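Since the model is a prediction, treat every value here as computed from it, not as a measurement.
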Amino acid sequence: MPLSLAELRAACETKTKMRCDGYPRAMFVHQVFEAEREVSLGFKKGKGGYFEQADFEDVLGEWGADEPAGAEEDASAPSAAEDEELVVADRTQAQLDGAGFWHDCRNQHSSADAAMMELLDNVADEHPTRCAIEVRARAGTATCVALRNDVRDRAASVLDALSLMRSEKRGPGALIGENGVGLKAAAAKLGGGAVVLTARRAAQSFVIRRGARRETVGEGAAVLEVGVLAESLQRAGRPPVIPIAVFAARSLDGVGRAWAAAVRDSPPAAKTAEACGGIVDVEAACRSLAASILDEDTLAPRRATHASAFEVVLFDTFEAAPTVARKLGEILRGETYLDRAFVATIADGVGERGEEIEPYDLVRSLVEPARERVEVGRDRYVTVVVGFSTVSKHADAASPLLVYTKGRLVERHDDWRLALNLRQHLKRDFRKEYALGLTVVIIDDAGCLRQTHTKQRIVDDVAFEVAKGGAATFAAEYFVAVQNSA
């Protein structure tokens, strides 16, 4: 029979030698983690030695007098030599520290704006029809910020989104967020964490395994996933804790019952529910998310091409929730994405309808744009687009250089003539008014130009210099042609 919590705590306090499953010698309980139902075990009574995590059930009882003689040397009074002994152990798997993981995530981005851009990159990668950003109420007077979007031609999954250092966006045709760190790093940079939810219609039957229990989910059911990224769950000396729960319902009315059953039968689901407490009403949030893409009566997708949805709820943000929502809107209004085909709504107050932001196409905003392919390496090309902008700008920023990789702005320079060293290409000086108002765009659709992992700067100096040289030459030729035709 498993030991009780009180017995485990007593063994920890009294440093009693314990029998533990999988260990041929006595172990000492050094710490008890009630919420996770885990203990930290070590073979020494005092400090030092090798520590491992184990489940409550792995601690079988006190190491008794009936144990084989000589099976365990007395560690209750370690000698001076033992205290000085350095013990290491072989292992095949890397160990990851939860507190260190969160610290690393928080320091990935140079600014909060860069982290917000990461969240919007994930939205853009999903090719949605709509993205809704809104401030929501949570327990008490606190608020949070939610980003919701539908997903084209794939099944959104929290299990995939919250995997560490892994991304299905790599390889041929790779998307913006290909490094597997964006969502985690953004949530940590912006505040205390995020609750992540997905909803979809099951395209085929599958099985959800919860310990020894197996639940068969039939084709056509609403499949819901919930995960929590939270600083409060991470502990020094223990692996990262990112609880995720998967459940399914045959109707939207049955979402609440299905969630309650998952929490009852699954410790990870119970942990997820506990972590969501005071932040998100899981039943209401999942039902609302599913209803945004599925017919409430038949659960058929409202759009065949967009049969799943994704939602991120940021909580305990360092900046006020309305401020975060407004900044996300400002990023979407600007030149951040070369061709943003989806409509966005921004509601910076609880219960507000929000402002609608129409789709944006940078090239279409230019007057008589011209294109040129520039080779930057063997079978590696970028596209240069030049044209006069129809958007009124301050004179100091009226002639920008914009560099896009996979459709997302990576570098912006207020004056392309300086950024591209136009004087060197022309072999002469030019007046300040030369080519004023001309916009130069370098488009790297294929990812030929390497960039920092947070996509804030191009680091491929050789290829980038070639691209800039080609852009400068083409822009100068374009301006001369425009002048001659005037």
Side-chain angles (χ1 to χ4, degrees), residues 1-67 71-72 74-78 89 93 95-102 139 192-193 195 208-213 215 226-247 259-280 282:
M1 182 176 180
L3 298 183
S4 68
L5 179 63
E7 290 173 317
L8 290 170
R9 284 176 172 167
C12 180
E13 292 172 2
T14 60
K15 288 294 181 285
T16 303
K17 291 193 290 185
M18 306 298 289
R19 291 183 294 110
C20 300
D21 187 26
Y23 298 90
R25 61 190 300 184
M27 302 294 283
F28 293 92
V29 178
H30 286 282
Q31 205 164 355
V32 178
F33 303 96
E34 180 180 356
E36 292 80 9
R37 293 188 58 79
E38 291 182 351
V39 293
S40 179
L41 299 176
F43 63 83
K44 287 189 176 183
K45 183 176 183 179
K47 295 181 179 179
Y50 182 66
F51 292 83
E52 287 188 356
Q53 299 302 119
D55 295 333
F56 279 6
E57 292 75 12
D58 292 333
V59 183
L60 305 177
E62 186 175 348
W63 185 276
D66 57 339
E67 300 300 332
E72 168 66 11
D74 187 4
S76 60
Q93 294 181 331
Q95 292 184 330
L96 192 59
D97 181 90
F101 155 74
W102 195 264
V195 177
I208 299 175
R209 180 168 51 83
R210 295 191 176 100
R213 296 173 59 90
E215 175 187 342
V226 186
V228 184
L229 284 165
E231 181 177 16
S232 61
L233 297 178
Q234 312 311 322
R235 299 284 186 274
R238 303 187 61 239
V241 175
I242 305 176
I244 300 173
V246 183
F247 64 105
W259 173 240
V263 172
R264 182 191 65 232
D265 298 337
S266 166
K271 180 68 177 177
T272 304
E274 179 186 358
C276 287
I279 301 170
V280 170
V282 174

Taking side-chain contact (heavy atoms from CB on, under 4.5 Å) as the test, write out the residues that go with Leu60, two or more places apart.
-> Arg19, Asp21
For Ala99, the side-chain contact (heavy atoms from CB on, under 4.5 Å) test, sequence neighbours excluded, returns Asp97, Ala236
Using the test salt bridge (charged side-chain N to carboxylate O under 4.0 Å, His left out), find all partners of Glu7 that sit at least two apart in sequence or belong to another chain.
-> none
List for me each residue that meets side-chain hydrogen bond (donor to acceptor under 3.5 Å, both in side chains) alongside Arg264, sequence neighbours excluded, and say none if there are none.
-> none
Test: Glu57 and Arg37 ion pair at under 4.0 Å | yes
What residues form a side-chain contact (heavy atoms from CB on, under 4.5 Å) with Ile279, not counting sequence neighbours?
-> Arg138, Val195, Phe315
OG1 of Thr16 to CD of Glu62: how many Å apart, nearest 0.5 Å?
-> 5.5 Å
For Trp259, ring-ring contact (aromatic ring centres under 6.0 Å, His included) partners two or more places apart = Phe247
Partner residues of Glu274 under the salt bridge (charged side-chain N to carboxylate O under 4.0 Å, His left out) criterion, sequence neighbours left out | none
Residue list, salt bridge (charged side-chain N to carboxylate O under 4.0 Å, His left out) with Asp265, at least two apart or on another chain = Arg213
Residues at least two apart in sequence or cross-chain that pass side-chain hydrogen bond (donor to acceptor under 3.5 Å, both in side chains) with Glu38, listed by chain then number, are Arg238
Name all residues meeting the side-chain hydrogen bond (donor to acceptor under 3.5 Å, both in side chains) criterion together with Ser266; count only those two or more places apart in sequence or in a different chain, and write none if there are none.
-> none
